[in-house]
Amino acid sequence: MTITNTTVPLEWFLALSAILFGIGLVGVLTRRNILVIFMSVELMMNAVNLSLLAFSRYLNSMAGQAFVVFVVTVAAAEAAIGLGLVIALVRQKPTVDTRDIEELKD
Amino acid sequence: MPFDLDFQQIVFLALGFVAVVASIMTIIQSNAIYSALFLAIAFFQLAAIYVLLGAEFLAVLQVLVYTGAILVLFLFVVMLLQLREGPQIGDARRWQAIIAWPLGLLLAGELVAIIFSKDVTTQMQQGITNGAVTVGQYTPANTVAVGGNVQAVGRVLYTDYLYPFEIASLILLIAVVGAIILSKQIEPEGEERILPSTGINIGRTGIVGRKQGEEFAREITPMLEAEHGAHAAGAEKGGQQS
């Protein structure tokens, strides 16, 4: 097994992470479909995972990778619960548009 | 510098470019199925970048859990619901999109500008030399020495992070129970199910609850008393006291 050091600078990984996080944030703010909002949240989580792994690599620490394992676990749990909520919501009112879901507003 | 790229940097730029384009397509597609498929492309690019970072285990986890489980679940729900999003243009709250796009891109631009202007690598090196930043023991050579990335992650996960790991399993258990309860079909009214051999109505759920239990006890006690006399009543009394 050969040992190779990555030649890509740390800043590049962090910049990609920041760009993906920004795109995910725009998705959360602009979209009206509750499923696409969920997907944007998943994208933001992945951006954070990327920066955790980049720092883990450059600091020779496995703690970042352990954190990413937990983030993935929580993301899976969140997706299961979130999609269950969406299905329960659609059963009450057949829409996934957040503009139509305003029962708790008043 | 811009045209003096080695192989890894070219691979990173290609993967990163596709990831960014796929992410943008995810949030501008009006059809949620296309959004999910573009998100799958972005996740695959990120998995490849994880391999580039030497995190092979997390790359496999990314493909298995994110694209294999979460996104398939998303696609499943999108196709199950069969709902189309309304038109994006002519929206009464379109001002929100007009504000959100520049703000989101400004945030990303600011972050990128800070990352490059502050020179993170140099600051990290300074922190390592003056002791402010702790460097772990898992250099590439040490990772190979313990057997590889999977072994290294396992060692950390089952020693330093054992307690969080157990809590993570509890979170997954709660999520499973919650998802089952949330997506449980509520059965229509009027259906009654009779528990065999007792004639007791256990309702629509089929679960014997407290009410049914009390009813059962009321019906069964005289029978038992008749059959066993004072012996059964005494045993029940003793059972209540304990």
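Proteins come first, then strands; the chains are lettered A, B, ... in the order of their sequence lines, and each starts at number 1. If you're wondering where the values come from, they're calculated on a predicted model, not measured in any experiment.
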A.B. asks: Find the one option among Ala47(A), Ala66(A), Gly64(A) whose heavy-atom pairs under 4.5 Å with chain B are most numerous.
C.D. replies: Ala66(A)

A.B. asks: Chain B: which of Ile87(A), Leu25(A), Val69(A) shares the most heavy-atom pairs with it under 4.5 Å?
C.D. replies: Val69(A)

A.B. asks: Given that the side chain runs from C-beta out, which part of Leu107(B) has a heavy atom under 4.5 Å from chain A: side chain, backbone, both or neither?
C.D. replies: side chain

A.B. asks: Could you walk me through whether Gln29(B) and Val36(A) pass the side chain to side chain contact (heavy atoms under 4.5 Å, CB included) test, one step at a time?
C.D. replies: CA-CA 9 Å; Gln29(B) 280 290 329; Val36(A) 181; over 6 Å; no

A.B. asks: Quick check on the interface: out of Gly82(A), Ala15(A), Gly24(A), who has the most heavy-atom pairs with chain B under 4.5 Å?
C.D. replies: Ala15(A)

A.B. asks: Can you tell which part of Leu39(B) gets under 4.5 Å to a heavy atom of chain A, answering side chain, backbone, both or neither?
C.D. replies: side chain

A.B. asks: Taking all heavy atoms of Gln65(A) and all of Ser56(A), pick out the closest pair and write down the distance.
C.D. replies: CG-OG, 3.3 Å

A.B. asks: Above 12 or not: heavy atoms from other molecules or residues under 6.0 Å from CZ of Phe116(B)?
C.D. replies: yes

A.B. asks: What pairs meet the side-chain hydrogen bond (donor to acceptor under 3.5 Å, both in side chains) rule with one or both residues in residues 40-56 of chain B, with sequence neighbours excluded?
C.D. replies: none

A.B. asks: Please determine, among Ala54(A), Ala88(A), Ser17(A), the option with the most heavy-atom pairs under 4.5 Å with chain B.
C.D. replies: Ala54(A)

A.B. asks: So which of Leu50(A), Thr73(A), Val74(A) has the biggest tally of heavy-atom pairs under 4.5 Å with chain B?
C.D. replies: Leu50(A)

A.B. asks: Side chain, backbone, both or neither: which part of Glu110(B) has an atom under 4.5 Å from a heavy atom of chain A?
C.D. replies: neither

A.B. asks: Considering only distance and modelled atom types, tabulate donor-acceptor pairs under 3.5 Å from the side chains of residues 162-179 of chain B, sequence neighbours left out.
C.D. replies:
unit_1	atom_1	unit_2	atom_2	d
Ser169(B)	OG	Glu166(B)	O	2.5

A.B. asks: Let me know if Leu58(B) has heavy atoms under 4.5 Å from chain A in its side chain, its backbone, both or neither.
C.D. replies: side chain

A.B. asks: Among Leu53(A), Leu10(A), Leu29(A), single out the residue with the greatest number of heavy-atom pairs under 4.5 Å to chain B.
C.D. replies: Leu53(A)

